[in-house]
Amino acid sequence: MKDNVRDFRVYKGNGKTSAVFMPRFIRDVRTPNSERYLIVMGEDFELIGTLDLHIMDIIQATLVIIPDVEQDTLELLVGLIKMELLAPLDLDIEYFNIFKGVSDYITLDEEDFFDEDDDD
């Protein structure tokens, strides 16, 4: 039986830098046509957001993250979501919405992060 918690990867550093804990996805809910993932990060596995995927003939994705997530972390998250969760489904993406807290709303066009020529 497949565990709903993916392995936590830790970059150990080279002795001069501290360990870096990559964001990880923990499946919280699964239905026949949707999944919700909790996103944790850091040494204490702090909850930084959720990802809702609605999967039919296309994918509808909604990422909600805490407001103080930096832009480079957001880009890392989107890349990991693309590689680990969306690419294996081999379906078109209708939309990918990102909410930072409840005030900032970002919509990504398919070309922005899902260009097939982009090999992340």
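Quick note: residue numbers are just sequence positions, from 1. Just so it is clear, the model here is predicted, and its values are computed rather than measured.
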Do [X] and [Y] land in one hydrophobic cluster if side-chain heavy atoms of ILVMFWY residues count as linked below 4.5 Å?
X	Y	result
L85	I58	no
I66	L80	yes
M56	F96	no
V29	I59	no

Atom pair CG/CZ of L53 and R27 - distance to nearest 0.5 Å: 10.0 Å
Atom pair CG/CG of L86 and D92 - distance to nearest 0.5 Å: 11.5 Å
Derivation of the salt bridge (Lys or Arg N to Asp or Glu O under 4.0 Å) call for D52 and R36: CA-CA 4 Å; D52 289 299; R36 169 175 278 175; 2.7 Å; yes
Shortest non-hydrogen contact from [X] toward [Y]:
X	Y	answer
G101	P67	CA-CG, 3.8 Å
M41	P23	SD-CG, 3.7 Å
S34	H54	CB-ND1, 3.6 Å

Exceeds 12 heavy-atom contacts within 6.0 angstrom, atom CG of D57: no
Option passing side chain to side chain contact (heavy atoms under 4.5 Å, CB included) with I98 (candidates L74, L77, L51, T62): L74
For F25, the option from I39, L38, T50 that meets side chain to side chain contact (heavy atoms under 4.5 Å, CB included): I39
Donor-acceptor pair, side chain of K82 and main chain of A87, under 3.5 angstrom: no
Check: Y37 and D28 side chains under 4.5 Å, non-hydrogen atoms: no
